[in-house]
Every structure is written in structure tokens, then in C-alpha cells.
Amino acid sequence: MSDPLYPFDDIEKTVQNRWKSDKAFSTKADRTRPKYYCLEMFPYPSGRIHMGHVRNYSIGDAIARYKRMRGYNVLHPMGWDAFGLPAENAAILRGIHPAEWTESNIAHMKEQLQRLGLSYDWDREVATCSPSYYRWNQWFFLKLLEKGLAYRKEALLNWCDSCATVLANEQVEDGQCWRCGSQVILRTMNQWFLRITDYARDLMAGLSSLEGWPERVRTMQANWISPSTGAEITFEVDPLTLDERAAPLRLKVFTTRADTLFGVTFVTMAPEHPDMDLLLAGSPQEKKARNFIEETLKKRTKESREEPEKEGAFTGRMVRHPLTGEKIPLWIGNFVVASYGTGVVMGVPAHDQRDFEFAQKYGLPVKKVIAPNGEAQGAGVQAMTEDGTLFDSERFSGMDSETARTEITKELESRKLGQSRETFRLRDWGISRQRYWGTPIPVIHCPHCGIVPVPEGDLPVLLPRDVHFSGKGGSPLGEHPSFSSVPCPVCKRTARRETDTMDTFIDSSWYFLRFAGGTPEGAAPFVPEDLSYWLPVDQYIGGVEHAILHLLYSRFFTRVLYDLGLSPVQEPFNTLLTQGMVLKDGAKMSKSKGNVVDPDHLIAQYGADTVRLFTLFSAPPDKDLSWDDKAVEGAYRFLGRLYGRVNALLEEFPQATGDSPGTELTPDAAALRSKIHETIVRVTTDLDSHAQLNTAIAALMELLNALGSYQALSGEPAPVRAPLLREGYLTLLTLLSPFAPHIAHHLGERLGIDRIETLSWPVADPKALVKETVAFVIQINGKLRATVTLPPGSSQDDVEREARKDEKVVRALEGQTVMKGIFVPGKLLNLVVRPSS
RNA sequence: GCGAGAGUGGCGAAACGGCAGACGCACCAGACUUAGGAUCUGGCGGGGCAACCCGUGGGGGUUCAAGUCCCCCCUCUCGCACCA
């Protein structure tokens, strides 16, 4: 390695020590000052930070530092999303206890983050695996239980064999585990759910208020929640009581097309429907139907990729049409989703494509009841799915679809056979995990009293340290005698403690509240005054991969806490920046591809400032960033040049003279001064608008180029030169300090500024922005022909007169008649011409 | 299939409807050097000796003026995907 261009290593160490001893970034709520809460998604302590973290945190730090200089009281915390599977895997593989593994990872990663010079208030650091944090997970869980928002049910669940745990729907991608990528299978289990669907409507409605969120993320959440308005309609099984069993069977279907009700020719239910057993028992088709169900469920675990062909089986049962009383066959269909709507659909082959395909295959009748309003489409091969006018629908015939939906629903309501209903694609959040390294769910199963919540006073339910990791299946908690076997809090008889732990997404659903208002060891999770001062998060920054999971759960949790009177806001994140990925050779960095760039090496080679500057400069924050080893050197050279030129300045003028240049500037000096102040405007605008960090840095590079050119001039009078260059470099360093804080601090010191990061953000001198002359663009028929330099206030006539002196303009106007001139003051003159006749 | 976003030099990228390619990388030439893979200076979309001409995925349109606005098409990325 060649000699460094500047001693970044010494500089960065010294400056970081200074920040540390000054406690430079500690914050307290202060109602006399405007606040700004800048937050980056906290990392999972996997062991080392990667370039994605570097990018995420460089962006956040630039914003935090900028806002501080703009006079805001800035909260900028950092912590650790410390529960999770890898810790357990490490324990199994290498015999290290998850707690130990996690702690040492945190220590190492914290050091890495500090080496980057990120301006965090480390006093607020939290790790979700510490009892002082997760006790509140348990406390919230008990509150949710009280409110009926947490419940236990038996359900067919996504099970990942390799992680040996269940997964929430959001955590299954393409039928595979979001974490390890192995195939997810379905399994019936009893587990805890949070009633996020109770908040579906609010979460949906809240999206429209999130103007500071990328459209993309809002759309993804909207698609995930997917509200759909329709009707729930009852079809009674015929005969209503099957055989000698007393329970009457009524099946409910959900439909958005109540207007097609008279076109129903069959009803289809999901193979896993809970009433299936009851229906099939004793049916002449029982055997066939059961075979079909078994086959279907088996297939479902494998395929998952492609849409399978529609298949079904007759149940041998009939249902009654709610309005006509007609008998209709009840089928089982592989295409009916059990967990959506009611798990039963009415089959209208004439007006629904899926029903149509199903009817074709099994020879079920097709009955048209909607006439298209426009021209009829080619009938026969497809269903007519558009709205239209009803016919053959008793008294509803002649109505348009929309009216008919309301009217038919009303009719059903009056007969108590239906009602309007809103359904969501979103399903309740399954939070039980059959793992050790997570928050114990604070309930006790008592054979006499049932499910008993752990009394609040007994919290936290501590994770026992002394557990054995077998490496195969199940949580070690189940085999821990003193943990799992406890007296029932109510009857004191022997009971079994819940050994499942919580999904770690619970941990990250409220950490931003804890940062802002954490209590040391209190009876409540937050100090309310602190929360109401700091919340909401003004700027949240993280990867788009959390667009649904973490961001939806956090919104849900915040609303629940709001309703519990614990959160001052309903929406936690005011503006959201989803940063792009860091790519290398056109692909995401990964060990398997061997294209990872190690932040530690980079920092050792170029220094933290260079690494930060490059990641911010090379692409806009929300776009993917292609890593280029060579391009990093550009940022490095820039800082090296800056260092060299400030040194040259100090050699030329060891004593600072005067604060600003006198009034008599040479033309070159005036141009430079105007460049300096234009840069202030540009950088400020770029940062204020859309965090355009890349163009802000480009402006700073331009300023250094301009300063360098001026510095190289000889013959400029020293009384102008010295203060002007000083002003220029100080401005540059101040504007640079959010991006490359160490070198800015150091060179600022050399120029006599103690802590440059505490200065107020520079304000442009309006006088320096006033231009003596500007270059007018001269177009002929919209094509550039010349530029002329005149005072900005010049009139159209002035500009045209001057333009006509230009030989290119003269040539272009030869033999032409000027029809009109378009004049943009201070900018442009476009002469519209036509050949003279 | 539905939804969202994106297509600009060799590359990363800039451009309130007003000079396309700022800034950086790579490359080329020169300077300083025993040397340079260090540094500094200059050049750098394509064609043409030049005047000029052509250029922002393709095709239309609006406008004095279009990368930018409108319509159609193509390609790519991401998300959802039998949701009744």
C-alpha cells in the first residue's frame, strides 16, 4: 500500500476521542428547542457490519449532523435487534451460549460503528435480548391478552423444518422461509396470534396520511392488507340437520359479486374447512372426497410455485340457494383459500373465470344472469366478469350490477341470510416460535385453570441460562425442568409454563419508542413526556426488504400502544427513506458469490471519511449502489486534495487575517466568492428537498476545484486572497462536515474553529449571489447558436442587439425573417425565423 | 395476469419545460520524476478538415423549445399472485 494521501488514521482516532470525551452527541428532551428524531433500522448483531449497514448509517448520520447544524435538538440512537435464530445456530455448531455469542458480536459491531464516526447517543443503546427490554414485550403481551388482541388457536401453519419453528405469513416468500430459504410446509399447531386484522382498516386508512413514505412501500402495504368489500351470504346445508346430529349446518360464503347470486350453480369449499368432517361423515361420497383432500394437501406443500390446475370433488351434499331455495351441489375445490374470507365460495361459472374453468372440467351447469352493457364478448370460452345489467334474477332483473349488489344484500339481510362485509387479505399475526433465543411468552397452562397469564409482578419471565442445545428439533426450554414446570399462579397446583417464545419482530415493533422515552427500571415502559416530545420519528431509514414485515408490524404495534394510552402517535414514522442495495459486479453482495467488500479493510485503507463519502456520493440514497473499488479512490483523492490545499493555505498565510474579504474584489475573487455562496444554496437545497446527498457532494467537489484554481493564481492581492480563501475553505469544511466529519473537524481546528460540527449551518450572503453578468442562451428556432454575456436585467432588445453581433447568429439569420422572439429574462432568447420570401 | 418503479456516454450518475451529460470513475495527452499503479495540468457522446449534422429504449403528439408533458409499444427490476 502506498503512503496515505493524508493522515486519516491519526485524525479519525483523535477526533473520535474528542467526541467521546465531550459526550458530543448525547441528547435530552428540551421543549424550548425544535426536535428532530433521526433513526436508522437497528441491526441484527450477526458479528460484523456489512456495506449495507455502512450505507444505511452513513445516510442517517449525514442527515442527523445536518439537522443538528440547522439548530434542531437531534435524537439519533442506535441499538441491537439481538434475539434470533443465528445465535442459537452458533450455540449448536460451536457450543457458545447464544447470550455470549450475541454479546461479543455487539461489542465488536459497536466498535466498528464507532470507527465510522457515527454520531449516536450511545447512552440510549438498547439490546432487545436484555431482560430490561424484553420484560416490556411480556408486559405488552399481557395487555393485549386482556384486550382480547392476543389469542390462542389451532391452525394450519407455515412450518420451517430447518429452523424448526413456525413462520408468520409475511415471513414466507415464494413458499420458502424468509431467513434460511428452505421449503415451508404446512402443519397444524396450536399457537398465539395477535389480532392485527382488527386494525386492518386503520392500517389501510393510515397509509394515505403517510405522505413522507415512498409510494412503492405504501402500495406494497396496501396490497398486503388488500381490503375488499362485499357480502357474506349463508347457504344452508340440505337437509339442514344431517342425519341424527342436531347441529344445523350453515355455510357462509364471501363474495364481492352479490349481483351474480342468481347465477350460482354450485358452492365450493376449501379442503381444510373446519366443518369438513361434519359434512362428509356418512356422505355417499365420503371416501372419494377424503382421498381428494389428502391428495390436495400433500401436493400443496410441494408445488407452491406454479398455479396448479383446478381440481375438486363432490361432497355428496347439497345446499340451498338463499333466495330461490334451489338445491345446489356442494363441492370441494383445491383453488379455494381456507384462510381468506370464509373459506367457502359460491360458484358462478358464467361470471367468474375460476368458477368457469371448474364448471367446464366437472360438467357443472353455466347460468348467465348479467348482460354486458357494451357489446357482448365472445361467449363460450370465457366468463363475462364485467358489471352489466341483471336478467333472470327475479325482481332484481333489469338492475345494474352496482345497484343489485346493494339491493340483494339488503334482501338477504332482511331474511337473516347475509350481510355486507369487508374482508382483508391480511391475516392475524402468528407470533409463537418454538425456539429458545427470544422473549418467553408469559403464560402458564394449568390443567385446572386453563391459560393463566403470569402476574405482572412476576415479570420478567427470565430466559434460563442453563439450557442444553441438542441441535435437533424443538426448543430447549421444553426440557428445562425448573422453567417449564411451575405452580399455577391461581390454584398453586403444578402447571406447565408456555415454552414458546415470541417472534422477534415483536422486539423491533416498538424499539423506537424505547429509544425516545426509555425508563431505567420503572413500572412503566416509557416516560410519557419524553415520548410526546420526540415522537414521531421524523426520518426513518432502512432497506426496502422491510417494507411489509417490520414496517407493518411497527405501525400495528404503535396503534395498539396508542389505544392503550402509551404512545402519543398513531403512526410512528413520518418520513421513510428506503435505501437501495449495495451491489458488486451487478449482484447483491454475498459470501456465496464471493463479492463481499469488507468495511474494516476499506476503513484501514482509506479511512472512515472516504468510505462514508463514497457511499453517499456514488448514487442517490434510494437507488442501488454499484460498488467500484476504483471509484472509491475518487472520494479519497478529493479528501487528500482538500487536506493538501488547506495546508498550502496555512503555509502561505500562517496567521488568519480578517474574517471576510474587503469590498474591493478582483473579478476572479468575486467569481470565487459567488461560487462559495452558490454552493451553500445548492447543498442546502439538495439536503432539504429529497436528501440528494450525491449532488450535494458533487457541489462540494466543484467548490474545491474552484478554490484550487483560484489558489493557483498569482498576482491576486493578499488582503483579498487570504480572507477569501479562508472563507472558502471554512465554508467548504462546514458543508462537508455531515458527510466527512473527521477531516472537517480536524481542518476546521487548524483554521481556528474548535468544533466545526457545532457551528450553525452557513447562510448564503445574498450580495454574493447577485451576478454582475449572466450568459444568455441564444437560440434560433430552438437550436443553440450562441451565448452572450450581459447583465441579468438586460431587456430583450439589449440581448437581441448583442446577439446580432455574433457571427454565428448573423450567419443563421441570413435570408431569414424573424417572426417572433421568445424571451426568458436573465436566461434565454429564442428567435423564431422563417426563410424570407 | 395485477400493481409500482426504471431505461441518458465505456461506467456510477446530473439536468424548476430553456446550453443534455454537472460531479466522479475509466481512458488519452502533457508536466514533475531514476521510476510511477503517486501527484498536477488539459482532453474526453457519435460523425465531419470545417461550417455543421446526429444523439436521452422505439414510434407518434403538444410546444417557440421535450430526457422532462400526453398517447401507443418494447425491455428490465421489484412487489403481489387461484383473495372469490
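It should be emphasised that the depicted structure is a prediction, and the values quoted were computed from it without experimental measurement. Every chain is numbered from 1 and lettered A, B, ... according to where its sequence line falls, protein lines coming before strand lines.
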What does the 5'-to-3' dot-bracket notation of RNA chain B look like when only Watson-Crick and G-U wobble pairs under 3.5 Å count, and pairs to other strands show as |? (((((((..(((.....[....))).(((((.......))))).(((....)))..(((((..]....))))))))))))....
Mind checking A/Gln779 for me? I need base, sugar-phosphate or nothing, with any heavy atom below 4.0 Å counting as a touch. base
With rounding to the closest Å, how many angstrom separate the C1' atoms on B/C64 and B/C74? 32 Å
Per atom distances to the A/Ala619 side chain, the nearest of B/A13, B/G18, B/C64 is B/A13
With the threshold set at 4.0 Å, does a side-chain nitrogen-carboxylate oxygen contact exist between A/Arg682 and A/Glu678? no
Base of B/C80, side chain of A/Asn223 - is there a donor-acceptor contact under 3.5 Å? no
Under-4.0 Å side-chain N/O to phosphate OP1/OP2 contact, A/Arg425 with B/C82: no
Is there, by distance only and without an angle test, a donor paired with an acceptor across the side chain of A/Glu215 and the base of B/G5 below 3.5 Å? no
Ring geometry between A/Trp429 and A/Tyr553 (parallel below 30°, tilted from 30 to 60°, perpendicular above 60°): parallel
Please confirm whether the shortest side-chain N or O distance from A/Asn694 to OP1 or OP2 of B/A14 is below 4.0 Å. yes
Please work out which residues in residues 695-705 of chain A have a non-hydrogen atom less than 4.0 Å from an atom of RNA chain B and list them by number. A/Thr695, A/Ala698, A/Met701, A/Glu702, A/Asn705
In whole angstrom, give the distance that lies between atom CG of A/Asp622 and atom C1' of B/C78. 14 Å
Between A/Arg216 and B/A6, is there a side-chain N or O to OP1/OP2 distance below 4.0 Å? no
Salt-bridge test for A/Glu357 and A/Lys361: reply yes if a basic N is under 4.0 Å from a carboxylate O, no otherwise. no
Round to the nearest Å and state the distance from A/Leu828 atom CG to B/C19 atom P. 8 Å
What nucleic acid atoms does A/Arg682 come within less than 4.0 Å of, heavy atoms only: base, sugar-phosphate, or nothing? nothing
N/O (side chain, A/Thr219) to phosphate O (OP1/OP2, B/G79) under 4.0 Å: no
